[in-house]
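Take a look at the structure set out below.
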Amino acid sequence: MYHQSMGTSCAWDAERYEGKHSYVWQFGAGLIDVLAPREGERILDVGCGTGQLTAEIASRGAQVVGLDSSTNMLGQARQNYPGQKFVLADATSFRFPEPFDAVFSNAALHWVKNADAAVESIALALRPGGRFVAEFGGKGNIAAIMSALSDVFGAGAVERCPWLFPSIGEYASVLERHGLEVREASLFYRPTPVDGEDGMENWLRMFCGGYFEGLDAESTKEKIRELVAILRPGCYRDGIWTLDYRRLRVAAVKV
């Protein structure tokens with residue numbers, strides 16, 4: 001769960017995030033089984049957002065540190081889980097004096113365009129033999145939305161795009177470059193329904209802030225109206241909007 005702010009500035013609306021986008025961490029719950037945290041392990045959760053998965057990992061007996069670069073998200077996380085440790089840091093440059101047994105990340109790393117710097121930070125945070133388990137947007141993620149953004153913003157869409165959606169091969173090569181041996185990798189579709197007639201509008205407002213920077217409220221509203229109109233025929237059916245998510249899941253070990 002992230003956060004544009006893992007490399008760029010963005011004020012995150014934590015209340016809106018928790019209220020309307022809970023699927024972000026609900027889908028991530030299965031990733032914790034892949035992580036398989038053990039009693040007493042030190043685990044870092046990169047892009048912890050409002051802390052739900054950090055707390056779930058901790059409930060398995062691990063000592064967990066949640067990391068995010070959004071002060072709004074961390075403020076909510078600390079309110080949600082006052083006994084849990086959270087730190088403010090950027091995914092591309094964090095450092096810790098003591099190594100971790102594992103690094104976990106859900107729905108966060110597609111916000112980090114400098115994948116090399118993020119993976120370097122992750123690798124440096126792991127002890128030898130430590131594991132890295134992550135899931136985030138992969139190649140082809142939100143293809144319909146990306147196409148609509150291109151239609152509405154033209155050439156400026158590429159410059160405004162805050163995301164990196166790599167293929168298995170692209171990301172595996174980054175991991176290997178930093179001494180992380182890939183043990184599992186999969187790229188899969190996960191169509192994700194969002195509730196309500198305004199579900200797509202809510203998603204665009206929450207996650208596409210970079211596209212609307214510099215626009216006044218009326219211009220933003222007009223752009224969103226255009227995007228929703230383009231997306232409706234393919235993404236809206238029987239009162240439900242469906243996001244065309246495609247996820248990349250990786251598990252690697254520091255060698």
Side-chain angles (χ1 to χ4, degrees), residues 1-27 47 49-50 68-76 90-91 107-114 136-166 189-248:
M1 2 188 134
Y2 232 37
H3 312 156
Q4 218 151 323
S5 48
M6 278 313 199
T8 63
S9 61
C10 176
W12 279 84
D13 184 336
E15 187 177 339
R16 181 192 291 249
Y17 180 78
E18 284 202 316
K20 297 185 182 295
H21 306 284
S22 58
Y23 54 83
V24 174
W25 65 83
Q26 287 167 357
F27 275 123
T50 48
D68 208 288
S69 65
S70 165
T71 53
N72 288 352
M73 289 291 189
L74 286 182
Q76 187 63 48
D90 193 292
L109 291 172
H110 53 258
W111 291 103
V112 187
K113 295 183 94 167
N114 189 345
F136 54 98
K139 188 170 185 179
N141 190 50
I142 57 168
I145 294 171
M146 294 293 282
S147 176
L149 287 164
S150 182
D151 289 346
V152 169
F153 288 94
V158 174
E159 185 184 319
R160 289 171 180 263
C161 178
W163 305 301
L164 173 74
F165 298 137
Y189 286 101
R190 181 188 283 149
T192 302
V194 288
D195 291 337
E197 173 65 30
D198 58 353
M200 182 60 75
E201 178 179 340
N202 287 332
W203 190 93
L204 292 167
R205 286 188 179 278
M206 183 75 218
F207 297 109
C208 295
Y211 288 92
F212 308 120
E213 274 183 20
L215 301 180
D216 60 31
E218 193 50 48
S219 298
T220 296
K221 196 181 290 185
E222 179 56 37
K223 294 288 189 190
I224 288 174
R225 223 176 355 244
E226 289 179 49
L227 290 164
V228 168
I230 293 168
L231 290 163
R232 185 176 293 276
C235 301
Y236 184 76
R237 185 164 300 151
D238 300 327
I240 296 171
W241 285 95
T242 300
L243 306 167
D244 55 336
Y245 277 7
R246 207 166 185 230
R247 311 317 271 177
L248 175 60

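Computed from heavy atoms alone, side chains included, the values below leave out hydrogens, waters and symmetry copies. What you see is a predicted model; the values in this text were computed from it and never measured.
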Practice item. Would you give the length of the straight line joining atom CD1 of I224 to atom CG of D198, rounded to the nearest 0.5 angstrom? Key: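 Atom-to-atom, I224:CD1 and D198:CG are 11.0 Å apart.
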Got a list of side-chain donor-acceptor pairs under 3.5 Å for residues 227-240, not counting sequence neighbours?
{"unit_1": "R232", "atom_1": "NH1", "unit_2": "E197", "atom_2": "OE2", "d": "3.3"}
{"unit_1": "R232", "atom_1": "NH2", "unit_2": "E197", "atom_2": "OE2", "d": "2.9"}
{"unit_1": "Y236", "atom_1": "OH", "unit_2": "E197", "atom_2": "OE1", "d": "2.6"}

Shortest non-hydrogen separation from [X] to [Y] and the atoms involved:
X	Y	answer
C161	K113	O-NZ, 2.6 Å
D90	S69	CA-CB, 4.3 Å
W241	G196	CD1-O, 3.3 Å
A91	V112	CB-CG2, 4.0 Å
K139	R246	O-NH1, 2.8 Å

Practice item. State whether the side chain of D244 and the backbone N or O of A143 hold a donor-acceptor pair below 3.5 Å, judged by distance alone. Key: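 Answer holds: yes.
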Practice item. Spell out, as yes or no, whether a donor-acceptor pair under 3.5 Å connects the side chain of T192 to the backbone of R190. Key: yes
Side-chain touch [X]/[Y], heavy atoms, less than 4.5 angstrom:
X	Y	answer
K223	L215	yes
F207	L243	no
K221	E201	no
M200	I145	yes
M73	T50	yes
P166	F136	yes
Y211	L204	no

Study note, to complete from the structure: salt bridge (charged side-chain N to carboxylate O under 4.0 Å, His left out) filter on E218, not counting sequence neighbours, yields R225
Point to revise | Residues forming a salt bridge (charged side-chain N to carboxylate O under 4.0 Å, His left out) with E226, sequence neighbours excluded | key: none
Check your understanding: Do the rings of W163 and F165 sit parallel, tilted or perpendicular, given the 30° and 60° boundaries?
Key ->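 Rings of W163 and F165: parallel, under 30°.
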Could you pull out every donor-acceptor pair under 3.5 Å between side chains of residues 146-157 and any protein atom, sequence neighbours left out?
none

